[in-house]
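Quantities reported herein were computed from a predicted structural model and do not represent experimental measurements.
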Amino acid sequence: MPAFLRGIRQDLAASLVVFLVALPLCVGVAVASGVPAELGLITGIVGGLVTGVMRGSSLQVSGPAAGLTVLVAEAVRAFGLPALGLIVLLAGLLQVVMGVLRWGRWFRAISLSVVEGMLAGIGLVIIAGQLYAAAGLKAPHSGLAKLAGLPHALAGALSAAVSLIALAVAAGTVVVVVVWRRLPRPVRAVPGALVAVLLAAVVTAVGDLPVATVRVSGVLDAVRPPGADAFTGLTDLALLGTVLAFALIASAESLFSAAAVDRLHTGPRTDYDKELVAQGAGNAVCGLLGALPLTAVIVRSSANVEAGARTKASRVLHSVWLLLFAVLLPAVLAYIPLAALAGILVHAGWKLIPFRGLGALWRTHRGEALVLVTTAVAIVAVGMFEGVLIGLVLSVAKAAWEASHLRVEHSDDGCGGVRVRLAGTVNFLRLPQILDSLEALPRDRRVVLDLSGVHHLDHACRAALHAWAERHSATGPEAVRLHAFPEPPPKERAKAS
């Protein structure tokens with residue numbers, strides 16, 4: 001078979017796999033966000049037909065993401081569903097502007113610990129909120145209230161037959177998803193999430209179980225373009241802050257996903273600026289349709305790569321299948337139990353928490369682990385946007401501390417000279433500490449001043465160290481030896497000569 005035809009066949013097969021992965025997640029994310037299920041499908045369709053055809057990343061797939069459910073739910077609760085389209089539209093336009101200004105690459109400078117902490121915090125809030133949904137209960141608004149109210153809510157659910165049945169459906173869904181991943185590879189060609197949802201729908205329908213299902217009103221009925229009255233919110237600073245949060249968080253999640261996907265294949269690398277423009281264009285269209293915001297989604301993207309996708313055709317075709325499903329079979333959604341979708345999202349939230357990575361990070365870089373945990377806790381306790389800001393501030397403070405931190409270490413074997421090692425950044429602010437340590441050294445001993453661990457040495461410290469070395473050397477020849485003394489910049493060398 002010619003390579004061209006073989007590539008088309010692989011892209012076609014991959015698109016079907018991605019479609020089967022995306023379908024339950026699109027519906028589940030929409031329901032968890034408090035919006036009609038059809039809006040999740042619309043966002044998935046736009047993710048392929050708009051973002052998918054644009055340049056940027058060739059194999060990553062965009063659509064509604066579990067990582068934004070918390071932010072979307074907060075926005076809908078604060079401003080109402082009609083304002084969601086305006087928020088997503090403005091966020092998309094802001095992403096386009098950032099991409100045109102070539103700011104995409106700067107998102108790679110965001111600390112990975114902040115991003116992982118953000119996802120972990122989102123995962124905790126999703127799990128807590130969806131446990132209420134699994135039992136058919138209304139969840140509190142804040143993350144702390146969700147967590148604090150769980151014991152009482154679950155205790156009440158276990159004593160009510162209807163809630164107990166819904167919990168059993170949700171638990172069974174999670175079990176199927178987890179077990180499915182352990183089955184032979186040919187079986188796993190069908191996504192476990194889809195199998196779990198289908199089984200839950202069949203069991204609920206055949207057993208006539210009293211479990212709430214997805215409400216369906218039709219895709220066209222769900223489209224809500226922002227009206228003229230929605231633009232009055234442009235004067236609301238809180239709404240504009242939400243727009244900024246949408247743009248920054250969706251961009252960071254998409255570009256970090258692109259970096260992860262690039263590690264999974266050997267094809268063309270991502271152009272981060274063009275990818276940011278593509279994500280912004282997709283969000284602008286989603287906003288015009290009143291749909292959910294989109295981001296690149298690592299689950300669908302990795303499924304796309306693993307299924308053997310060669311080009312962007314696979315992600316475009318997956319949206320074509322979503323469109324055909326939304327047009328021809330929307331009534332099928334009415335058979336999906338809400339408890340099953342809650343189970344799918346509980347599993348998705350659990351996967352957002354880097355349990356193994358956190359343990360390894362604590363053993364090697366405790367400062368980074370602290371940033372991760374603090375960001376996650378702040379998101380649960382305060383809110384999404386505020387938690388990310390706290391994480392960013394803490395990350396910058398940690399970097400500043402490490403950049404300015406100085407270690408002065410002494411070693412003395414008792415028979416030779418004294419070795420003094422400076423490590424870190426040596427600037428004039430640390431000069432009193434350095435000179436106090438050096439002046440306290442015995443003048444009748446040879447000193448080795450090791451500067452191999454110095455990242456930066458400013459002019460004031462360089463001059464002070466030379467002056468101290470000359471004074472100490474007056475007690476004997478070669479009393480001071482400078483090890484790995486950093487060379488001054490060319491201008492300073494010229495002045496010295």
Side-chain angles (χ1 to χ4, degrees), residues 106 108-114 116-117 358-378 389-497:
W106 291 104
R108 301 172 68 185
I110 297 176
S111 169
L112 183 60
S113 297
V114 175
E116 291 184 339
L358 180 58
L361 198 62
W362 179 257
R363 290 190 294 271
T364 56
H365 301 285
R366 294 194 174 183
E368 295 293 336
L370 180 62
V371 171
L372 191 157
V373 172
T374 302
T375 303
V377 171
L389 286 179
I390 290 172
L392 288 173
V393 170
L394 185 60
S395 178
V396 171
K398 172 184 168 294
W401 165 256
E402 290 181 345
S404 63
H405 189 58
L406 173 67
R407 294 194 309 275
V408 182
E409 302 170 351
H410 297 77
S411 61
D412 187 354
D413 57 10
C415 57
V418 179
R419 189 178 189 88
V420 179
R421 183 175 187 273
L422 303 183
T425 299
V426 181
N427 56 43
F428 68 96
L429 296 176
R430 301 291 183 177
L431 192 53
Q433 173 190 355
I434 298 170
L435 292 179
D436 286 346
S437 298
L438 295 178
E439 296 291 354
L441 296 175
R443 298 184 63 84
D444 58 347
R445 302 283 300 280
R446 185 170 60 87
V447 176
V448 176
L449 185 57
D450 184 358
L451 301 174
S452 59
V454 172
H455 307 311
H456 170 71
L457 182 66
D458 69 8
H459 176 71
C461 290
R462 184 186 302 275
L465 290 178
H466 274 299
W468 171 83
E470 290 176 358
R471 291 196 305 272
H472 198 86
S473 298
T475 61
E478 297 186 357
V480 175
R481 184 165 66 88
L482 300 177
H483 177 64
F485 196 81
E487 288 294 327
K491 290 184 179 179
E492 292 189 21
R493 288 201 300 267
K495 291 180 181 179
S497 60

side-chain contact (heavy atoms from CB on, under 4.5 Å) with Pro432: which residues, sequence neighbours excluded? none
Across all chains, not counting sequence neighbours, the side-chain contact (heavy atoms from CB on, under 4.5 Å) partners of Ala463 are none
Please give me the minimum heavy-atom distance between Arg421 and Gly453, naming the atom from each residue. NH2-CA, 3.7 Å
Mind checking side-chain contact (heavy atoms from CB on, under 4.5 Å) for Val408 and listing every partner two or more places apart, or none if nothing turns up? Leu406, His410, Val420, Leu422, Gln433, Ser437
Out of curiosity, Leu438 CG to Ile434 CD1, how far, rounded to the nearest 0.5 Å? 7.5 Å
Could you tell me which non-hydrogen atom of Ile390 sits nearest to which non-hydrogen atom of Ala378, and how far apart they are? CD1-CB, 3.8 Å
Donor-acceptor pairs under 3.5 Å, side chain of residues 365-373 to any protein atom, not counting sequence neighbours: which ones?
{"from": "Arg366", "atom 1": "NE", "to": "Trp362", "atom 2": "O", "distance (Å)": "3.2"}
{"from": "Glu368", "atom 1": "OE1", "to": "Ser111", "atom 2": "OG", "distance (Å)": "3.4"}
{"from": "Glu368", "atom 1": "OE1", "to": "Ser113", "atom 2": "OG", "distance (Å)": "2.6"}
{"from": "Glu368", "atom 1": "OE2", "to": "Lys398", "atom 2": "NZ", "distance (Å)": "2.8"}

Mind checking what makes salt bridge (charged side-chain N to carboxylate O under 4.0 Å, His left out) contact with Arg407, not counting sequence neighbours? Glu409
Name the residue from Leu457, Leu431, Leu451 that meets the side-chain contact (heavy atoms from CB on, under 4.5 Å) definition with Val426. Leu457
Rounded to the nearest 0.5 Å, how far apart are CG of Leu389 and OG1 of Thr375? 10.5 Å
Could you list the residues that satisfy side chain to side chain donor-acceptor pair (under 3.5 Å) with Glu439, not counting sequence neighbours? Arg471
Those residues at least two apart in sequence (or on a different chain) that pass side chain to side chain donor-acceptor pair (under 3.5 Å) with Arg419 are Asp450
